[in-house]
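Heavy atoms only: backbone and side chains are in, while hydrogens, waters and symmetry mates are out. Labels below follow one simple rule: chain letters A, B, ... track the order of the sequence lines, proteins then strands, and each chain is numbered from 1.
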Amino acid sequence: MEGRAADGRDPSGTATAFCREVLAGRAPSRLPDGTAERTEVLGLLRLHRLLGLWVVERRGPDPGPSGADVRGPMVQQAFHAGLVLEAADRAMAALRAGGLEVLSFKGVGLVRCGVYVDPAARALGDADLLVRGGPAGQAVQVLEAAGFEPWVPWDPGREAWLPAFSLSDATAPDGVEVTVDLHWRIPYGSYRSGAEGDGAELWADADREGGSLSPEAHALLLAEHFVRHLRVVPHLIGLADLVRLLPHVRDPARLRALAGTRRSTRPMRAVLGCVRDELGVDLDPDLAQVLEVPARRSRREVRALRLGAMLQPAGGRREGRIEGLVGQALLQGSPGDFLRELARVVYPPADWLARRAGPETGGALRRRFGYWRDLIRWALGRRGSPLSPNQEFEDPAGRS
Amino acid sequence: MTEATAHPDSLPQARADVVFRSVSGDWVLYDPRTQDLHVLNVTAAAVWLCCDGTLDLDAIARHLVEEMEEAPAFEVVREDVAEAVARFRADGLLE
(Lines give C-alpha, C1' and ligand atoms only; values in the text may rest on other atoms or scores of the structure.)
Protein backbone atom coordinates (compact mmCIF):
# COMPACT_ATOMS: atom_id res chain seq x y z
CA MET A 1 0.00 0.00 0.00
CA GLU A 2 1.36 3.39 -0.92
CA GLY A 3 2.55 5.66 1.82
CA ARG A 4 3.39 2.85 4.20
CA ALA A 5 6.32 3.33 6.44
CA ALA A 6 6.90 -0.39 6.73
CA ASP A 7 9.85 0.08 9.02
CA GLY A 8 7.82 1.93 11.62
CA ARG A 9 9.13 5.38 10.77
CA ASP A 10 6.94 8.44 10.61
CA PRO A 11 5.77 9.59 7.18
CA SER A 12 7.72 12.45 5.62
CA GLY A 13 7.26 15.95 6.95
CA THR A 14 5.45 16.99 3.79
CA ALA A 15 2.98 14.11 4.02
CA THR A 16 2.40 14.62 7.73
CA ALA A 17 1.79 18.34 7.23
CA PHE A 18 -0.61 17.66 4.38
CA CYS A 19 -2.65 15.20 6.44
CA ARG A 20 -2.61 17.58 9.41
CA GLU A 21 -4.16 20.29 7.27
CA VAL A 22 -6.83 17.95 5.93
CA LEU A 23 -7.75 16.72 9.41
CA ALA A 24 -7.85 20.26 10.76
CA GLY A 25 -10.25 21.51 8.09
CA ARG A 26 -7.63 23.49 6.20
CA ALA A 27 -7.44 21.23 3.17
CA PRO A 28 -4.59 22.22 0.84
CA SER A 29 -5.79 23.12 -2.64
CA ARG A 30 -3.39 20.79 -4.40
CA LEU A 31 -1.23 17.76 -3.89
CA PRO A 32 2.54 18.14 -3.51
CA ASP A 33 4.35 18.48 -6.83
CA GLY A 34 6.92 15.73 -6.40
CA THR A 35 5.89 12.29 -7.58
CA ALA A 36 7.16 10.51 -4.48
CA GLU A 37 5.51 12.97 -2.11
CA ARG A 38 2.28 12.90 -4.07
CA THR A 39 2.26 9.11 -3.96
CA GLU A 40 2.94 9.11 -0.24
CA VAL A 41 0.20 11.64 0.47
CA LEU A 42 -2.35 9.79 -1.65
CA GLY A 43 -1.43 6.54 0.08
CA LEU A 44 -2.00 8.05 3.50
CA LEU A 45 -5.25 9.72 2.49
CA ARG A 46 -6.53 6.42 1.20
CA LEU A 47 -5.24 4.42 4.13
CA HIS A 48 -6.92 6.73 6.63
CA ARG A 49 -10.03 7.20 4.47
CA LEU A 50 -9.48 10.93 4.13
CA LEU A 51 -9.43 11.22 0.34
CA GLY A 52 -13.06 12.30 0.06
CA LEU A 53 -12.61 14.79 2.85
CA TRP A 54 -9.70 16.41 1.07
CA VAL A 55 -11.42 16.48 -2.33
CA VAL A 56 -14.63 17.95 -0.94
CA GLU A 57 -13.04 20.52 1.36
CA ARG A 58 -10.10 21.61 -0.75
CA ARG A 59 -10.11 25.22 -1.81
CA GLY A 60 -8.15 27.45 -4.14
CA PRO A 61 -7.78 28.26 -7.80
CA ASP A 62 -6.59 24.83 -8.84
CA PRO A 63 -9.33 23.41 -11.08
CA GLY A 64 -9.43 20.25 -9.03
CA PRO A 65 -8.12 16.75 -8.98
CA SER A 66 -8.93 14.84 -12.09
CA GLY A 67 -6.33 12.09 -12.15
CA ALA A 68 -7.56 8.54 -11.99
CA ASP A 69 -5.57 8.04 -8.79
CA VAL A 70 -7.76 10.59 -7.05
CA ARG A 71 -11.10 10.59 -8.80
CA GLY A 72 -11.60 6.84 -9.03
CA PRO A 73 -11.14 6.02 -5.34
CA MET A 74 -13.00 9.15 -4.33
CA VAL A 75 -16.07 8.26 -6.39
CA GLN A 76 -15.88 4.68 -5.14
CA GLN A 77 -15.79 5.86 -1.53
CA ALA A 78 -18.66 8.27 -2.08
CA PHE A 79 -20.75 5.61 -3.81
CA HIS A 80 -20.26 3.22 -0.92
CA ALA A 81 -21.06 5.96 1.59
CA GLY A 82 -24.30 6.64 -0.27
CA LEU A 83 -25.33 3.00 0.01
CA VAL A 84 -24.50 2.96 3.72
CA LEU A 85 -26.65 6.05 4.26
CA GLU A 86 -29.54 4.48 2.37
CA ALA A 87 -29.25 1.31 4.44
CA ALA A 88 -29.13 3.34 7.66
CA ASP A 89 -32.25 5.27 6.70
CA ARG A 90 -34.07 2.07 5.88
CA ALA A 91 -32.96 0.41 9.11
CA MET A 92 -33.97 3.41 11.21
CA ALA A 93 -37.38 3.60 9.57
CA ALA A 94 -37.93 -0.11 10.18
CA LEU A 95 -36.86 0.11 13.82
CA ARG A 96 -39.18 3.05 14.46
CA ALA A 97 -42.03 1.26 12.76
CA GLY A 98 -41.26 -1.63 15.10
CA GLY A 99 -41.78 0.61 18.11
CA LEU A 100 -38.11 1.11 18.97
CA GLU A 101 -36.21 4.35 19.45
CA VAL A 102 -33.08 4.74 17.34
CA LEU A 103 -30.24 7.23 16.94
CA SER A 104 -27.40 7.24 14.43
CA PHE A 105 -23.91 8.23 15.45
CA LYS A 106 -20.33 8.52 14.17
CA GLY A 107 -20.18 8.75 10.35
CA VAL A 108 -23.85 8.34 9.45
CA GLY A 109 -24.94 10.44 12.41
CA LEU A 110 -22.53 13.22 11.51
CA VAL A 111 -23.73 13.30 7.92
CA ARG A 112 -27.38 13.16 8.89
CA CYS A 113 -27.11 15.97 11.43
CA GLY A 114 -25.32 18.20 8.93
CA VAL A 115 -21.77 18.24 10.31
CA TYR A 116 -20.76 16.97 6.88
CA VAL A 117 -22.83 18.76 4.27
CA ASP A 118 -21.57 16.65 1.38
CA PRO A 119 -21.75 12.92 2.24
CA ALA A 120 -18.85 12.32 -0.14
CA ALA A 121 -16.56 13.96 2.42
CA ARG A 122 -17.02 11.22 5.00
CA ALA A 123 -15.98 7.66 4.24
CA LEU A 124 -18.51 5.30 5.79
CA GLY A 125 -17.46 1.77 6.60
CA ASP A 126 -20.78 0.93 8.22
CA ALA A 127 -23.79 2.51 9.85
CA ASP A 128 -23.74 2.75 13.65
CA LEU A 129 -27.20 2.81 15.22
CA LEU A 130 -28.13 2.96 18.89
CA VAL A 131 -31.48 1.44 19.87
CA ARG A 132 -33.63 1.16 22.94
CA GLY A 133 -37.22 0.52 23.84
CA GLY A 134 -37.15 -3.24 23.69
CA PRO A 135 -34.86 -6.22 23.89
CA ALA A 136 -31.98 -6.19 21.43
CA GLY A 137 -33.32 -9.41 19.94
CA GLN A 138 -36.46 -7.54 18.92
CA ALA A 139 -34.37 -4.97 17.03
CA VAL A 140 -32.49 -7.77 15.30
CA GLN A 141 -35.78 -9.38 14.27
CA VAL A 142 -37.05 -6.09 12.88
CA LEU A 143 -33.91 -5.61 10.83
CA GLU A 144 -34.00 -9.16 9.53
CA ALA A 145 -37.54 -8.55 8.34
CA ALA A 146 -36.31 -5.36 6.64
CA GLY A 147 -33.74 -7.24 4.59
CA PHE A 148 -30.66 -7.31 6.81
CA GLU A 149 -28.76 -10.52 7.51
CA PRO A 150 -26.91 -11.17 10.77
CA TRP A 151 -23.20 -11.90 10.43
CA VAL A 152 -23.59 -14.68 12.96
CA PRO A 153 -26.79 -16.23 14.30
CA TRP A 154 -28.45 -14.17 17.03
CA ASP A 155 -28.22 -15.62 20.49
CA PRO A 156 -30.19 -13.85 23.25
CA GLY A 157 -27.24 -14.27 25.60
CA ARG A 158 -25.30 -11.77 23.50
CA GLU A 159 -27.27 -8.88 24.89
CA ALA A 160 -25.63 -9.42 28.26
CA TRP A 161 -22.02 -9.77 27.16
CA LEU A 162 -21.76 -7.65 24.04
CA PRO A 163 -22.99 -4.15 23.29
CA ALA A 164 -23.63 -4.51 19.56
CA PHE A 165 -24.48 -6.82 16.69
CA SER A 166 -23.65 -6.53 12.99
CA LEU A 167 -25.97 -7.20 10.09
CA SER A 168 -25.34 -6.96 6.35
CA ASP A 169 -27.75 -5.29 4.00
CA ALA A 170 -28.96 -8.14 1.82
CA THR A 171 -30.37 -5.66 -0.70
CA ALA A 172 -26.97 -4.10 -1.40
CA PRO A 173 -25.68 -4.79 -4.90
CA ASP A 174 -23.38 -7.77 -5.36
CA GLY A 175 -19.79 -6.98 -4.54
CA VAL A 176 -20.63 -4.20 -2.08
CA GLU A 177 -20.64 -4.91 1.65
CA VAL A 178 -23.01 -2.63 3.52
CA THR A 179 -23.16 -3.22 7.26
CA VAL A 180 -25.35 -1.90 10.03
CA ASP A 181 -23.88 -2.11 13.53
CA LEU A 182 -26.74 -2.26 15.97
CA HIS A 183 -25.71 -1.01 19.41
CA TRP A 184 -27.74 -1.23 22.59
CA ARG A 185 -24.92 0.13 24.75
CA ILE A 186 -21.84 2.11 23.82
CA PRO A 187 -19.12 1.29 26.36
CA TYR A 188 -16.32 2.87 24.33
CA GLY A 189 -14.65 4.01 27.51
CA SER A 190 -14.20 0.45 28.71
CA TYR A 191 -11.77 -2.26 27.59
CA ARG A 192 -14.15 -5.13 27.87
CA SER A 193 -17.58 -5.11 26.31
CA GLY A 194 -19.97 -6.04 29.06
CA ALA A 195 -22.92 -4.65 30.95
CA GLU A 196 -21.50 -1.21 31.78
CA GLY A 197 -24.66 0.78 32.41
CA ASP A 198 -27.59 1.29 30.10
CA GLY A 199 -26.31 4.45 28.40
CA ALA A 200 -29.33 6.48 29.49
CA GLU A 201 -27.12 9.58 29.64
CA LEU A 202 -26.75 9.48 25.84
CA TRP A 203 -30.51 9.62 25.35
CA ALA A 204 -31.19 12.38 27.84
CA ASP A 205 -30.70 15.30 25.46
CA ALA A 206 -30.78 13.51 22.12
CA ASP A 207 -32.80 14.71 19.16
CA ARG A 208 -34.99 11.63 19.12
CA GLU A 209 -37.17 12.80 16.25
CA GLY A 210 -34.17 13.60 14.09
CA GLY A 211 -32.37 10.47 15.25
CA SER A 212 -29.23 12.28 16.43
CA LEU A 213 -27.25 12.44 19.63
CA SER A 214 -26.69 15.86 21.15
CA PRO A 215 -23.43 17.44 19.90
CA GLU A 216 -22.07 17.16 23.44
CA ALA A 217 -22.76 13.43 23.74
CA HIS A 218 -21.54 12.87 20.21
CA ALA A 219 -18.26 14.70 20.86
CA LEU A 220 -17.67 12.58 23.93
CA LEU A 221 -18.36 9.34 22.07
CA LEU A 222 -15.99 10.37 19.29
CA ALA A 223 -13.21 11.02 21.80
CA GLU A 224 -13.88 7.74 23.63
CA HIS A 225 -13.95 5.83 20.37
CA PHE A 226 -10.74 7.45 19.19
CA VAL A 227 -8.90 6.39 22.32
CA ARG A 228 -10.43 2.92 22.21
CA HIS A 229 -9.36 2.48 18.61
CA LEU A 230 -5.71 3.14 19.37
CA ARG A 231 -5.32 -0.55 20.12
CA VAL A 232 -6.54 -1.49 16.64
CA VAL A 233 -5.46 1.29 14.30
CA PRO A 234 -5.66 5.04 14.99
CA HIS A 235 -9.03 6.18 13.74
CA LEU A 236 -7.81 9.51 12.41
CA ILE A 237 -11.05 10.25 10.64
CA GLY A 238 -12.49 10.46 14.16
CA LEU A 239 -10.23 13.43 14.84
CA ALA A 240 -11.54 15.07 11.67
CA ASP A 241 -15.07 14.35 12.91
CA LEU A 242 -14.36 15.95 16.25
CA VAL A 243 -12.81 19.07 14.71
CA ARG A 244 -15.94 19.58 12.63
CA LEU A 245 -18.35 18.74 15.44
CA LEU A 246 -16.80 20.95 18.14
CA PRO A 247 -18.26 24.21 16.75
CA HIS A 248 -21.70 22.64 17.29
CA VAL A 249 -21.05 22.03 20.99
CA ARG A 250 -22.98 24.74 22.82
CA ASP A 251 -22.93 23.46 26.37
CA PRO A 252 -19.42 22.62 27.59
CA ALA A 253 -20.78 22.07 31.10
CA ARG A 254 -23.04 19.34 29.77
CA LEU A 255 -20.10 17.75 28.01
CA ARG A 256 -18.11 17.87 31.23
CA ALA A 257 -20.96 16.27 33.17
CA LEU A 258 -21.39 13.53 30.59
CA ALA A 259 -17.67 12.81 30.61
CA GLY A 260 -17.81 12.52 34.38
CA THR A 261 -20.76 10.12 34.24
CA ARG A 262 -18.97 7.93 31.74
CA ARG A 263 -15.58 8.22 33.49
CA SER A 264 -14.13 9.68 30.30
CA THR A 265 -13.02 13.12 31.41
CA ARG A 266 -9.38 12.27 31.05
CA PRO A 267 -9.56 10.78 27.54
CA MET A 268 -11.73 13.71 26.47
CA ARG A 269 -9.13 16.20 27.69
CA ALA A 270 -6.32 14.23 26.04
CA VAL A 271 -8.08 14.14 22.69
CA LEU A 272 -8.90 17.85 22.85
CA GLY A 273 -5.25 18.54 23.68
CA CYS A 274 -4.27 16.44 20.68
CA VAL A 275 -6.65 18.37 18.41
CA ARG A 276 -5.14 21.63 19.62
CA ASP A 277 -1.46 20.69 19.58
CA GLU A 278 -1.16 18.08 16.85
CA LEU A 279 -3.62 19.64 14.42
CA GLY A 280 -3.21 23.30 15.36
CA VAL A 281 -6.93 23.81 15.89
CA ASP A 282 -7.98 26.60 18.27
CA LEU A 283 -10.27 25.27 20.97
CA ASP A 284 -13.18 27.39 22.11
CA PRO A 285 -11.91 29.09 25.30
CA ASP A 286 -15.08 28.21 27.24
CA LEU A 287 -14.80 24.59 26.24
CA ALA A 288 -11.12 24.42 27.16
CA GLN A 289 -11.81 26.10 30.49
CA VAL A 290 -14.82 24.02 31.48
CA LEU A 291 -13.13 20.78 30.46
CA GLU A 292 -9.93 21.96 32.13
CA VAL A 293 -7.79 21.09 29.14
CA PRO A 294 -4.23 21.74 30.32
CA ALA A 295 -2.25 24.36 28.44
CA ARG A 296 0.49 21.77 27.93
CA ARG A 297 -0.04 18.09 27.37
CA SER A 298 1.63 15.57 29.61
CA ARG A 299 4.46 13.46 28.26
CA ARG A 300 2.29 10.38 28.23
CA GLU A 301 -0.40 12.17 26.23
CA VAL A 302 2.19 13.30 23.71
CA ARG A 303 3.53 9.76 23.50
CA ALA A 304 0.10 8.22 23.01
CA LEU A 305 -1.28 10.79 20.58
CA ARG A 306 1.42 11.99 18.21
CA LEU A 307 0.27 12.61 14.67
CA GLY A 308 3.34 11.22 12.90
CA ALA A 309 3.09 7.93 14.76
CA MET A 310 -0.67 7.72 14.31
CA LEU A 311 -0.33 8.21 10.56
CA GLN A 312 1.82 5.12 10.29
CA PRO A 313 -0.10 2.05 9.25
CA ALA A 314 -0.61 -0.31 12.16
CA GLY A 315 1.43 -2.98 10.42
CA GLY A 316 4.42 -0.69 10.41
CA ARG A 317 4.28 0.08 14.11
CA ARG A 318 6.70 -2.13 15.91
CA GLU A 319 4.61 -2.90 18.92
CA GLY A 320 1.35 -2.88 16.95
CA ARG A 321 -1.62 -3.65 19.11
CA ILE A 322 0.25 -3.70 22.37
CA GLU A 323 1.50 -0.19 21.69
CA GLY A 324 -2.07 0.93 21.06
CA LEU A 325 -3.18 -0.79 24.23
CA VAL A 326 -0.49 1.01 26.19
CA GLY A 327 -1.51 4.28 24.57
CA GLN A 328 -5.10 3.66 25.58
CA ALA A 329 -4.00 2.82 29.10
CA LEU A 330 -1.99 6.04 29.32
CA LEU A 331 -5.06 8.07 28.49
CA GLN A 332 -7.74 6.04 30.20
CA GLY A 333 -7.44 7.36 33.69
CA SER A 334 -5.66 6.78 36.95
CA PRO A 335 -3.42 3.75 37.50
CA GLY A 336 -6.22 2.34 39.63
CA ASP A 337 -8.72 2.67 36.78
CA PHE A 338 -6.28 1.02 34.44
CA LEU A 339 -5.60 -1.90 36.76
CA ARG A 340 -9.31 -2.40 37.34
CA GLU A 341 -9.88 -2.48 33.59
CA LEU A 342 -6.97 -4.81 33.06
CA ALA A 343 -8.26 -7.20 35.69
CA ARG A 344 -11.68 -7.24 34.02
CA VAL A 345 -10.05 -8.09 30.71
CA VAL A 346 -7.65 -10.73 31.96
CA TYR A 347 -10.03 -12.36 34.39
CA PRO A 348 -13.62 -11.68 33.35
CA PRO A 349 -16.47 -13.06 35.47
CA ALA A 350 -17.45 -16.66 34.84
CA ASP A 351 -21.02 -15.76 33.83
CA TRP A 352 -19.72 -13.35 31.20
CA LEU A 353 -17.50 -16.09 29.79
CA ALA A 354 -20.40 -18.54 29.82
CA ARG A 355 -22.61 -16.15 27.86
CA ARG A 356 -19.79 -15.45 25.46
CA ALA A 357 -19.16 -19.12 24.79
CA GLY A 358 -22.83 -20.08 24.55
CA PRO A 359 -24.67 -22.84 26.34
CA GLU A 360 -23.20 -25.79 24.49
CA THR A 361 -19.53 -25.40 25.23
CA GLY A 362 -17.53 -27.22 27.89
CA GLY A 363 -16.70 -26.32 31.46
CA ALA A 364 -15.74 -23.02 33.01
CA LEU A 365 -12.03 -23.77 32.95
CA ARG A 366 -12.08 -24.69 29.30
CA ARG A 367 -13.94 -21.48 28.47
CA ARG A 368 -11.42 -19.43 30.39
CA PHE A 369 -8.43 -21.02 28.68
CA GLY A 370 -10.12 -20.55 25.31
CA TYR A 371 -10.64 -16.90 26.09
CA TRP A 372 -7.00 -16.44 27.12
CA ARG A 373 -5.86 -18.17 23.94
CA ASP A 374 -7.97 -15.75 21.89
CA LEU A 375 -6.62 -12.81 23.86
CA ILE A 376 -3.02 -13.81 23.18
CA ARG A 377 -3.71 -14.36 19.52
CA TRP A 378 -5.29 -10.92 19.34
CA ALA A 379 -2.22 -9.36 20.97
CA LEU A 380 -0.05 -11.08 18.38
CA GLY A 381 -2.25 -9.70 15.61
CA ARG A 382 -3.48 -13.13 14.55
CA ARG A 383 -7.20 -12.68 15.08
CA GLY A 384 -9.87 -10.13 15.88
CA SER A 385 -10.50 -8.96 19.38
CA PRO A 386 -12.28 -11.44 21.68
CA LEU A 387 -13.78 -8.40 23.39
CA SER A 388 -15.29 -6.48 20.51
CA PRO A 389 -18.60 -7.02 18.78
CA ASN A 390 -18.32 -9.31 15.80
CA GLN A 391 -14.64 -9.84 16.25
CA GLU A 392 -15.24 -12.18 19.15
CA PHE A 393 -15.29 -15.31 17.03
CA GLU A 394 -13.43 -16.04 13.84
CA ASP A 395 -15.89 -15.02 11.21
CA PRO A 396 -16.39 -17.65 8.50
CA ALA A 397 -16.64 -14.90 5.89
CA GLY A 398 -13.32 -13.48 7.01
CA ARG A 399 -14.82 -10.18 8.06
CA SER A 400 -13.26 -10.09 11.47
CA MET B 1 -17.45 5.37 -31.39
CA THR B 2 -19.72 5.06 -34.41
CA GLU B 3 -23.45 5.02 -34.58
CA ALA B 4 -23.37 1.54 -36.10
CA THR B 5 -21.97 0.14 -32.86
CA ALA B 6 -24.88 1.66 -31.00
CA HIS B 7 -27.44 -0.54 -32.74
CA PRO B 8 -29.57 2.41 -33.90
CA ASP B 9 -32.65 0.33 -34.55
CA SER B 10 -32.74 -1.16 -31.10
CA LEU B 11 -34.63 0.00 -28.06
CA PRO B 12 -31.86 0.20 -25.46
CA GLN B 13 -32.87 -1.22 -22.14
CA ALA B 14 -30.86 -0.76 -18.96
CA ARG B 15 -30.02 -3.92 -17.06
CA ALA B 16 -32.23 -4.00 -13.99
CA ASP B 17 -29.39 -4.91 -11.64
CA VAL B 18 -27.18 -1.96 -12.60
CA VAL B 19 -27.24 0.66 -9.84
CA PHE B 20 -27.56 4.33 -10.82
CA ARG B 21 -26.72 6.96 -8.22
CA SER B 22 -25.78 10.61 -7.91
CA VAL B 23 -22.49 10.94 -6.04
CA SER B 24 -21.22 14.37 -5.03
CA GLY B 25 -22.27 16.05 -8.25
CA ASP B 26 -21.40 13.10 -10.46
CA TRP B 27 -23.61 10.34 -11.77
CA VAL B 28 -22.35 6.81 -11.52
CA LEU B 29 -23.40 3.36 -12.64
CA TYR B 30 -22.34 0.34 -10.62
CA ASP B 31 -22.28 -2.99 -12.41
CA PRO B 32 -22.58 -5.77 -9.83
CA ARG B 33 -21.43 -8.38 -12.37
CA THR B 34 -18.06 -6.78 -12.99
CA GLN B 35 -18.07 -4.63 -9.82
CA ASP B 36 -17.03 -1.70 -12.01
CA LEU B 37 -18.10 1.84 -11.29
CA HIS B 38 -18.76 4.01 -14.37
CA VAL B 39 -18.79 7.78 -14.02
CA LEU B 40 -21.20 9.50 -16.41
CA ASN B 41 -21.42 13.03 -17.71
CA VAL B 42 -24.76 14.77 -17.46
CA THR B 43 -25.85 13.81 -20.97
CA ALA B 44 -24.96 10.16 -20.50
CA ALA B 45 -26.83 10.15 -17.20
CA ALA B 46 -29.92 11.56 -18.90
CA VAL B 47 -29.61 8.98 -21.67
CA TRP B 48 -29.31 6.17 -19.12
CA LEU B 49 -32.58 7.23 -17.51
CA CYS B 50 -34.26 6.97 -20.91
CA CYS B 51 -33.00 3.46 -21.57
CA ASP B 52 -36.23 1.77 -20.52
CA GLY B 53 -36.63 -0.44 -23.55
CA THR B 54 -39.44 1.64 -25.08
CA LEU B 55 -37.49 4.46 -26.75
CA ASP B 56 -35.19 4.26 -29.75
CA LEU B 57 -32.25 6.62 -30.20
CA ASP B 58 -34.31 9.24 -32.05
CA ALA B 59 -36.96 9.23 -29.36
CA ILE B 60 -34.37 9.55 -26.61
CA ALA B 61 -32.72 12.47 -28.45
CA ARG B 62 -36.09 14.17 -28.94
CA HIS B 63 -36.88 13.73 -25.28
CA LEU B 64 -33.57 15.27 -24.24
CA VAL B 65 -34.02 18.23 -26.61
CA GLU B 66 -37.44 18.87 -25.08
CA GLU B 67 -36.01 18.75 -21.57
CA MET B 68 -33.02 21.03 -22.21
CA GLU B 69 -33.40 24.75 -21.71
CA GLU B 70 -30.91 25.70 -24.40
CA ALA B 71 -30.73 22.57 -26.46
CA PRO B 72 -28.22 22.20 -29.28
CA ALA B 73 -29.41 21.01 -32.66
CA PHE B 74 -31.24 17.70 -32.70
CA GLU B 75 -28.48 16.09 -34.79
CA VAL B 76 -25.86 17.00 -32.19
CA VAL B 77 -27.92 15.54 -29.36
CA ARG B 78 -28.68 12.47 -31.47
CA GLU B 79 -24.96 11.92 -31.95
CA ASP B 80 -24.35 12.20 -28.18
CA VAL B 81 -27.15 9.75 -27.49
CA ALA B 82 -25.75 7.27 -29.96
CA GLU B 83 -22.32 7.59 -28.42
CA ALA B 84 -23.61 7.10 -24.88
CA VAL B 85 -25.71 4.08 -25.82
CA ALA B 86 -22.78 2.57 -27.68
CA ARG B 87 -20.67 2.98 -24.58
CA PHE B 88 -23.34 1.40 -22.37
CA ARG B 89 -23.56 -1.51 -24.76
CA ALA B 90 -19.80 -1.90 -24.98
CA ASP B 91 -19.62 -1.94 -21.19
CA GLY B 92 -22.33 -4.59 -21.02
CA LEU B 93 -24.76 -2.39 -19.12
CA LEU B 94 -27.74 -2.98 -21.41
CA GLU B 95 -29.99 -6.00 -21.73
Side-chain angles (χ1 to χ4, degrees), chain A residues 27 45-46 49-59 63-90 107-108 110-112 114-124 147 168-178, chain B residues 1 5 11-55 60 64 67 69-70 72 76 79-81 83-95:
Chain A
L45 292 178
R46 291 175 66 172
R49 303 188 301 149
L50 300 170
L51 192 61
L53 186 62
W54 172 62
V55 172
V56 169
E57 293 191 349
R58 55 174 296 284
R59 296 182 292 264
S66 55
D69 51 352
V70 173
R71 189 172 166 80
M74 193 288 188
V75 169
Q76 208 158 14
Q77 175 199 296
F79 174 70
H80 185 257
L83 294 180
V84 172
L85 286 167
E86 290 174 19
D89 290 346
R90 209 174 82 246
V108 168
L110 292 164
V111 171
R112 284 297 178 234
V115 168
Y116 290 99
V117 177
D118 185 344
R122 181 56 163 84
L124 299 175
S168 294
D169 182 3
T171 71
D174 287 351
V176 182
E177 177 71 38
V178 176
Chain B
M1 205 171 290
T5 60
L11 304 175
Q13 182 167 5
R15 264 175 43 211
D17 62 332
V18 173
V19 180
F20 174 78
R21 289 288 188 279
S22 169
V23 168
S24 193
D26 284 319
W27 285 267
V28 299
L29 294 177
Y30 173 74
D31 183 349
R33 286 186 199 162
T34 61
Q35 301 183 10
D36 286 335
L37 208 52
H38 305 266
V39 181
L40 310 181
N41 62 29
V42 65
T43 305
V47 173
W48 177 259
L49 292 174
C50 293
C51 291
D52 61 1
T54 67
L55 303 175
I60 293 173
L64 295 190
E67 291 294 315
E69 284 187 2
E70 294 179 14
V76 174
E79 185 66 25
D80 289 345
V81 170
E83 192 175 328
V85 169
R87 182 185 148 194
F88 296 151
R89 194 172 298 283
D91 288 338
L93 300 167
L94 300 176
E95 295 287 3

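Taking 4.5 Å as the heavy-atom cut-off, the residues of residues 29-39 of chain B that approach chain A are B:Tyr30, B:Pro32, B:Gln35, B:Leu37, B:Val39, ordered by number.
Considering only residues two or more places apart in sequence or on other chains, B:Asp26 meets the salt bridge (charged side-chain N to carboxylate O under 4.0 Å, His left out) condition with A:Arg71. Residues meeting the side-chain hydrogen bond (donor to acceptor under 3.5 Å, both in side chains) test with A:Arg49, sequence neighbours left out: none. Residues passing the side-chain contact (heavy atoms from CB on, under 4.5 Å) test with B:Ser22, sequence neighbours excluded: B:Trp27.
The candidate with the highest count of non-hydrogen atom pairs below 4.5 Å against chain B, out of A:Ala120, A:Ala81, A:Ala78, is A:Ala78. Among the candidates A:Ala121, A:Gly175, A:Pro119, A:Gly52, the residue making the largest number of heavy-atom pairs closer than 4.5 Å to chain B is A:Gly175.
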